[in-house]
Enquirer: 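Just dropping this structure here.
Source: prediction; values computed, not measured. Chain letters run A, B, ... following the sequence lines, proteins first, then strands; residues in each count from 1.
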There are 4 protein chains.
Amino acid sequence: MAKVLINGYGSIGKRVADAVSKQKDMEVIGVTKTKPDFEAKMAVDKGYKLYAAIPERKSLFEEKGVDIEGTIFDVIEDADIVVDCAPGGIGKENLENIYKKYNVKAILQGGEKAQYVEDNFNALWSYDRCYGKDYIRTVSCNTTGLCRTLYAINSATDIVKARVVLIRRGADPNDAKRGPINAIVPNPPTIPSHHGPDVCSVVPELEGKIITSAVIVPTTLMHMHSLMVETTGTTKDDIIDAIEKTPRIFTVSAEDGLNSTATIIEFARDLGRVRYDLNEIAIWKESINVVDNEVFLMQAVHQESDVIPENVDCIRAMLQMEDDNMKSIEMTNKAMGLMK
Amino acid sequence: MAKVLINGYGSIGKRVADAVSKQKDMEVIGVTKTKPDFEAKMAVDKGYKLYAAIPERKSLFEEKGVDIEGTIFDVIEDADIVVDCAPGGIGKENLENIYKKYNVKAILQGGEKAQYVEDNFNALWSYDRCYGKDYIRTVSCNTTGLCRTLYAINSATDIVKARVVLIRRGADPNDAKRGPINAIVPNPPTIPSHHGPDVCSVVPELEGKIITSAVIVPTTLMHMHSLMVETTGTTKDDIIDAIEKTPRIFTVSAEDGLNSTATIIEFARDLGRVRYDLNEIAIWKESINVVDNEVFLMQAVHQESDVIPENVDCIRAMLQMEDDNMKSIEMTNKAMGLMK
Amino acid sequence: MAKVLINGYGSIGKRVADAVSKQKDMEVIGVTKTKPDFEAKMAVDKGYKLYAAIPERKSLFEEKGVDIEGTIFDVIEDADIVVDCAPGGIGKENLENIYKKYNVKAILQGGEKAQYVEDNFNALWSYDRCYGKDYIRTVSCNTTGLCRTLYAINSATDIVKARVVLIRRGADPNDAKRGPINAIVPNPPTIPSHHGPDVCSVVPELEGKIITSAVIVPTTLMHMHSLMVETTGTTKDDIIDAIEKTPRIFTVSAEDGLNSTATIIEFARDLGRVRYDLNEIAIWKESINVVDNEVFLMQAVHQESDVIPENVDCIRAMLQMEDDNMKSIEMTNKAMGLMK
Amino acid sequence: MAKVLINGYGSIGKRVADAVSKQKDMEVIGVTKTKPDFEAKMAVDKGYKLYAAIPERKSLFEEKGVDIEGTIFDVIEDADIVVDCAPGGIGKENLENIYKKYNVKAILQGGEKAQYVEDNFNALWSYDRCYGKDYIRTVSCNTTGLCRTLYAINSATDIVKARVVLIRRGADPNDAKRGPINAIVPNPPTIPSHHGPDVCSVVPELEGKIITSAVIVPTTLMHMHSLMVETTGTTKDDIIDAIEKTPRIFTVSAEDGLNSTATIIEFARDLGRVRYDLNEIAIWKESINVVDNEVFLMQAVHQESDVIPENVDCIRAMLQMEDDNMKSIEMTNKAMGLMK
Ligand SMILES: NC(=O)c1ccc[n+]([C@@H]2O[C@H](COP(=O)([O-])OP(=O)(O)OC[C@H]3O[C@@H](n4cnc5c(N)ncnc54)[C@H](O)[C@@H]3O)[C@@H](O)[C@H]2O)c1
Ligand SMILES: NC(=O)c1ccc[n+]([C@@H]2O[C@H](COP(=O)([O-])OP(=O)(O)OC[C@H]3O[C@@H](n4cnc5c(N)ncnc54)[C@H](O)[C@@H]3O)[C@@H](O)[C@H]2O)c1
Ligand SMILES: NC(=O)c1ccc[n+]([C@@H]2O[C@H](COP(=O)([O-])OP(=O)(O)OC[C@H]3O[C@@H](n4cnc5c(N)ncnc54)[C@H](O)[C@@H]3O)[C@@H](O)[C@H]2O)c1
Ligand SMILES: NC(=O)c1ccc[n+]([C@@H]2O[C@H](COP(=O)([O-])OP(=O)(O)OC[C@H]3O[C@@H](n4cnc5c(N)ncnc54)[C@H](O)[C@@H]3O)[C@@H](O)[C@H]2O)c1
């Protein structure tokens, strides 16, 4: 049983904890929080051992009567690996100040920069490269979504040039502070955006072949991507077929009523998914088209959850628990109840 | 086993179906849909027997390859009771054209008018009145929320005058057609709004003692109510105590991070509630105050789900399955996994 | 003085009326409304002669005490041209049932289909083609925005292939009924969307060279376009230069604080523009880039107002009042107070 | 001519500058900015003399080529009065560190606390009290809206108890950073909110007679207030009459299409108001009702602009330019083009 510590029990951290708990070959030995809010209380109620991420804050938990086992430093040496799920930017500090010092393997999240780590993880593309490594980043929600779909396309044909426009959700659903309320924000206002290079951190062979632009819009549910991918030659049926064969992506049909990110989330709710997590990328069937060897499609990405199974696979790769990425993917998916 | 037919498997219908299925003393004998969309397919996948709500539409299902058992008229005579969950206004037509004709007991929802039925249901207030009756309406999400809280207040003191401002969600989360996107809409623009009289349809003793106004705002998650209730005398502690003793309402604390409807829904997601349903009314602890014998508080109402357990209790009352409302409430809550 | 009748005094109609009124060579002889709401009252207050668009509704105005001159049929024969600004789809009916019958020239708006008219208008591209014609459509807000920017690019180089993703506002700011409140809607869910062919209705030489996809997002202020235009060869400076020389488009800088559609509208408000109309297309300076001869840029389109000066120019072309499109553009711009 | 310096040329500052400029008896001798963004450039374009609010930042303006006259310290001694329009909290610091030191009269805005100043201003209620004073605060947008309407009610009858629920806009329209995107936020989560005491800072006779609660919702256009005001006795007609007689408040009718904050803003746009400012409070005619001597009504408050004429009147009072508040109001309104 691999012993996993979750540092930062927020949107990503709590999901990674639950996903790890469901695996047969790994267990959560602790989760950390910086403050004793409702999430901290629920972590304890769920049976997770709770530690203060910042030692000085330990007393805050005690004052509030939240059961705390100690600080991260009381548990870190027991961990085989830490999954860092602290807010963007802090992961890097934790890497330098804690993980390297304590000589513990660590996964950082997509809010960190690609160059801080040995390599960048996506289960389809870079499992082997990350095998046995010490410090790896699982790429962001957007990058994960792109990597999966480009993998499918790449499995059917050769990518000549990929152009992507990302329409990003403004804030996560639980965040009532961030906007915009009524605006479209080019973010970044420069083209290309950083999303292309981020894909290349996972798929170096796309260097010079992908260009992205991005805007932020007033919604909390999902990101949306519009992909235009020039290839050496393919057909619509080949692409649909490739999507069907690729794990963690699937098609939805607007005609069936799945005609917006809102109904896709309704679908996830109706599936009974906990927290309505849709770890898979949803591609609109109607949008898939091939014109002059160029693949077009639109996809919806559930930012809160698509990276979760990747973190699980990343643990397996880094701890050399399974050397076949497809087997790891299958184990993870099955334990988490994914479609494929 | 009471045989229950759900007519209209939409936002309310699918939840009533699932809640009924979980009860030991009742079963779903069928659900109806008007079109073969993803909800219809999922109903079949879940094991519900699907019928066309409108006979002429049956072929639509067949064309789409959705397994359908027949039309509502093939199943209605087997039902002990129909829970009508058709869109507002259609329930009344169904009552006149179908349920009365087939002589089957029926529950209408809050989108129908109070006067079309024999009485109006809330498990705390009018269970006994509805006992054994044939045509009953479970009141709307807003009215249900108000009835519960006013029950708590009433259990601690006497209500002299209740003033409520309702801040209503613009559309359900799966509805991408309805707005407003960026406006506050007085709806109705007249004061008093219809919500006060609707409460009185359940609690006639409040006639002349409750006045409401309402606006619609650009959010999908929950309604919010600001209550100001003059009483003959009470204290803050008494009110908190009464809330604790009343089923299906509970307090949340902004200090714990539950500081908006968004974090309350996050809480429901973290609880693992299917579809993140929060069937209970959440009252902000910080908002509860008593000044000059007047009770003040703010509450959040999950419009999609608060009426669901009421429908279950209403079935028990109408079919005379349990004569003690508190016992029915307890059975329903336990089967559905509610807090209290 | 050209006599102009505005049929449908709504979002577009009231702006066309004001813009026509400001021109030296044309006048508004009447505006029509279907109901006596605040817009109708304000039309009268502004001095426009008001007519009922639908004869049977005339009495509604009288009942409300709104001064009405008669019905459209009392004024249509005095008109040299009608600018039809009725809701999408109704313009076509008006064309067949009224304008053709009364033998009056007419402009339809972008909500109508391209094939119903003799040609499609954009002042930069098709002024000459529409010169002296009887039934012309000024293209939609999105198409107008694209036509202008593609004109600039085309003036600097040759377009090989244009790819555009349109991120559309969900509803106009005065419309509190339409959503989405919290969703991204692929609209249409198919690729290509109709926007490419619509551009080709104005610029036939782009046939086969433009492909578009579109989504709708929860905002009311502006549309946003992300353009990727392969060319035979150009530079960033050439493109900036071409934009500077093209009427009715200009650059804004995110660095100056104009970093979202919200601040661009703030800019228009600060400029003192009536109704904050930004008839010009705003292109983010930071977004302009040329990589491998492909032009990238993002632009914001004020849907309520960009087509207004086009309607004015279209009148001049159809009535053969000025044969040089650039002179008409200059006259219109000057009278309306546009930047360029 | 009173010499007025505007410290902080943001949402409020730029409007105060424009309003002061339109008055015959006062002039703007300068405006300050902290950074050389588009607002700074437009201030210069409009002919305002621009000064750096923070001396160290002066070079930023020079680097950007924005014409700057110097720093606030180069102009402050020429001012008869400073209108501080810095962000909430900074006004107090400016008062202590600058205005008192330079012995210049100053007006703070509603983002500051009531107790930092000699008195709190509303032109209807406290003009005389502020006459000739040195440091005064014009109260916030919400408080200003309440003061005006309560003045009207008070002029018709005696107020026994006022209950108000405020539904506040989440952010100003130009602010794309602040949310919420999809939530209702009780803010504060405690009842009473601070709005009641803030009204009492202007109208001390309401002490103990007003209680408020407030929520924030995802909209940028206007605040909305639901008022319930117990009186010693009045009628609906008396209240409508009092509203008609009170400056800077007026009624709108949902029936006319003015049925949301969105259409009220459309009305202001159609009126040709610069920046669509609706300095007057709009009360829904349909909402006005009197039941058991209690006045009910709903009103919409344009947060960006209702306090602007108050600032002008406050200048006149503090500089003893006019001793009759109603005359000052009339002068201000006329110069600004208000309805009444
Ligand atoms: N939310 C998303 O949509 C999303 C998607 C993919 C990747 N990510 C990435 O995942 C990471 C976490 O994001 P999130 O959305 O879960 O953030 P979050 O704010 O929801 O959670 C962060 C958690 O880290 C804790 N924390 C704060 N300081 C800490 C410290 N010094 N050490 C340890 N923990 C600390 C916080 O208390 C909080 O519980 C970021 O890198 C983010 O970019 C987020
Ligand atoms: N959604 C809420 O927030 C909410 C809360 C409380 C009460 N209600 C009330 O519940 C009722 C249902 O609302 P909903 O939100 O579930 O609506 P919905 O639109 O989500 O679902 C209605 C369902 O009824 C079906 N239907 C349409 N015509 C029908 C017919 N003639 N016969 C049978 N079924 C038909 C539709 O196909 C759909 O599946 C309404 O009275 C509504 O006012 C809704
Ligand atoms: N609003 C935009 O963003 C926008 C932008 C570009 C083009 N357009 C196009 O302009 C046209 C008008 O759109 P709008 O946004 O001004 O709509 P609108 O709804 O604001 O106004 C339409 C007006 O037409 C009137 N009307 C209704 N039926 C009529 C009839 N039978 N005859 C005459 N008038 C009638 C209505 O009373 C209303 O005043 C549409 O074709 C639309 O697609 C709209
Ligand atoms: N915006 C509203 O809706 C509204 C309504 C009524 C009252 N108010 C109050 O008016 C005041 C100003 O608010 P706003 O909305 O105009 O804010 P804003 O952020 O739009 O503008 C503030 C301006 O002050 C400048 N500034 C920053 N630091 C400064 C300093 N140290 N000295 C001088 N200027 C400085 C900023 O550059 C900016 O131009 C606040 O007290 C606010 O609470 C705002």
Side-chain angles (χ1 to χ4, degrees), chain A residues 9-11 14-15 17-18 33-43 45-46 64-66 171-183 217-221 252-277 282 304-305, chain B residues 9-11 14-15 17-18 33-43 45-46 64-66 171-183 217-221 252-277 282 304-305:
Chain A
Y9 186 81
S11 296
K14 65 191 175 190
R15 286 173 168 85
D18 290 355
K33 282 284 303 174
T34 52
K35 50 176 194 276
D37 59 10
F38 77 96
E39 280 183 331
K41 290 178 188 172
M42 293 179 90
D45 289 350
K46 280 193 159 185
K64 274 270 185 175
V66 177
D172 276 346
N174 65 346
D175 177 354
K177 289 235 175 79
R178 268 212 278 175
I181 293 175
N182 187 26
V217 300
T219 186
T220 62
L221 301 177
V252 294
S253 169
E255 215 196 57
D256 281 352
L258 296 168
N259 49 12
S260 71
T261 55
T263 41
I264 289 182
I265 292 300
E266 185 78 358
F267 171 70
R269 294 172 80 191
D270 286 352
L271 274 179
R273 290 287 179 90
V274 172
R275 296 187 181 99
Y276 70 68
D277 282 356
E304 299 172 291
S305 76
Chain B
Y9 187 81
S11 296
K14 65 191 174 189
R15 287 173 168 85
D18 290 355
K33 282 285 302 173
T34 53
K35 51 177 192 276
D37 60 8
F38 76 96
E39 280 183 331
K41 290 178 188 174
M42 294 180 89
D45 288 350
K46 279 195 159 184
K64 276 270 186 177
V66 178
D172 276 347
N174 64 346
D175 178 355
K177 288 235 177 80
R178 267 212 279 176
I181 293 174
N182 187 26
V217 301
T219 187
T220 62
L221 301 177
V252 293
S253 168
E255 214 196 58
D256 281 353
L258 296 167
N259 49 13
S260 71
T261 55
T263 41
I264 289 181
I265 292 300
E266 185 78 359
F267 170 69
R269 293 171 81 192
D270 286 351
L271 274 179
R273 291 287 180 91
V274 172
R275 298 188 179 96
Y276 71 67
D277 282 356
E304 298 172 292
S305 76

Enquirer: Relative to chain A, which of B:P173, B:P36, B:A40 shows the most heavy atom pairs under 4.5 Å?
Expert: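 The answer is B:P173.
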Enquirer: Report the distance from atom CG of A:D172 to atom CD of B:E266, rounding to the nearest 0.5 Å.
Expert: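 Spacing of CG (A:D172) from CD (B:E266) equals 8.0 Å.
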Enquirer: What distance do A:D37 atom CG and B:F267 atom CZ have between them, rounded to the nearest 0.5 Å?
Expert: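 The CG atom of A:D37 sits 12.0 Å away from the CZ atom of B:F267.
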Enquirer: For each of A:V252, A:D18, A:D256, tally heavy-atom pairs with chain B at distances under 4.5 Å, and name the one with the top tally.
Expert: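 Highest number of heavy-atom pairs under 4.5 Å: A:D256.
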Enquirer: Check each atom of B:L258 against the heavy atoms of chain A and say whether the ones under 4.5 Å are side chain, backbone, both or neither.
Expert: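 Interface part for B:L258: both.
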Enquirer: So which of A:S11, A:G257, A:S253 has the largest heavy-atom pair count under 4.5 angstrom toward chain B?
Expert: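 Most pairs with chain B among the choices: A:G257.
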Enquirer: So how far is it from B:M42 CE to A:R269 CZ, rounded to the nearest 0.5 Å?
Expert: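 With rounding to 0.5 Å, CE (B:M42) is 12.0 Å from CZ (A:R269).
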Enquirer: If I measure from the heavy atoms of chain A, does B:R15 come under 4.5 Å with its side chain, its backbone, both, or neither?
Expert: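 Side chain only.
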Enquirer: What part of B:N182 gets closer than 4.5 Å to chain A, counting heavy atoms only: side chain, backbone, both or neither?
Expert: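 Contact with chain A: side chain only.
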Enquirer: Name the option with the most non-hydrogen atom pairs under 4.5 Å to chain B; the candidates are A:T263, A:I181, A:T220, A:I265.
Expert: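 Top count of heavy-atom pairs under 4.5 Å with chain B: A:T263.
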Enquirer: Is any NZ, NE, NH1 or NH2 atom of the basic residue among A:D270 and B:K46 found under 4.0 Å from an Asp or Glu carboxylate oxygen of the other?
Expert: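 Answer for the salt bridge query: no.
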Enquirer: Counting only non-hydrogen atoms closer than 4.5 Å, does B:K35 touch chain A with its backbone (N, CA, C, O), its side chain (CB onward), both, or neither?
Expert: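 When you check distances to chain A, no heavy atom of B:K35 falls under 4.5 Å.
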Enquirer: Can you tell which part of A:D277 gets under 4.5 Å to a heavy atom of chain B, answering side chain, backbone, both or neither?
Expert: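 The side chain, not the backbone.
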Enquirer: Where on B:S260 is there a heavy atom nearer than 4.5 Å to chain A: the side chain, the backbone, both, or neither?
Expert: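 Just its side chain gets close to chain A.
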Enquirer: B:I264 versus chain A, heavy atoms under 4.5 Å apart: side chain, backbone, both or neither?
Expert: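 Interface part for B:I264: neither.
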Enquirer: Give the member of B:E39, B:R273, B:K64 that has the highest number of heavy-atom pairs under 4.5 Å with chain A.
Expert: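 Looking at each of B:E39, B:R273, B:K64 in turn, B:K64 comes out on top.
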Enquirer: Measure distances from B:D45 to the heavy atoms of chain A and classify the residue's part below 4.5 Å as side chain, backbone, both or neither.
Expert: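 Neither part; nothing is under 4.5 Å.
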Enquirer: Parallel under 30°, tilted from 30 to 60°, perpendicular over 60°: which one fits the rings of A:Y276 and B:Y276?
Expert: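 A:Y276 vs B:Y276 ring planes: tilted.
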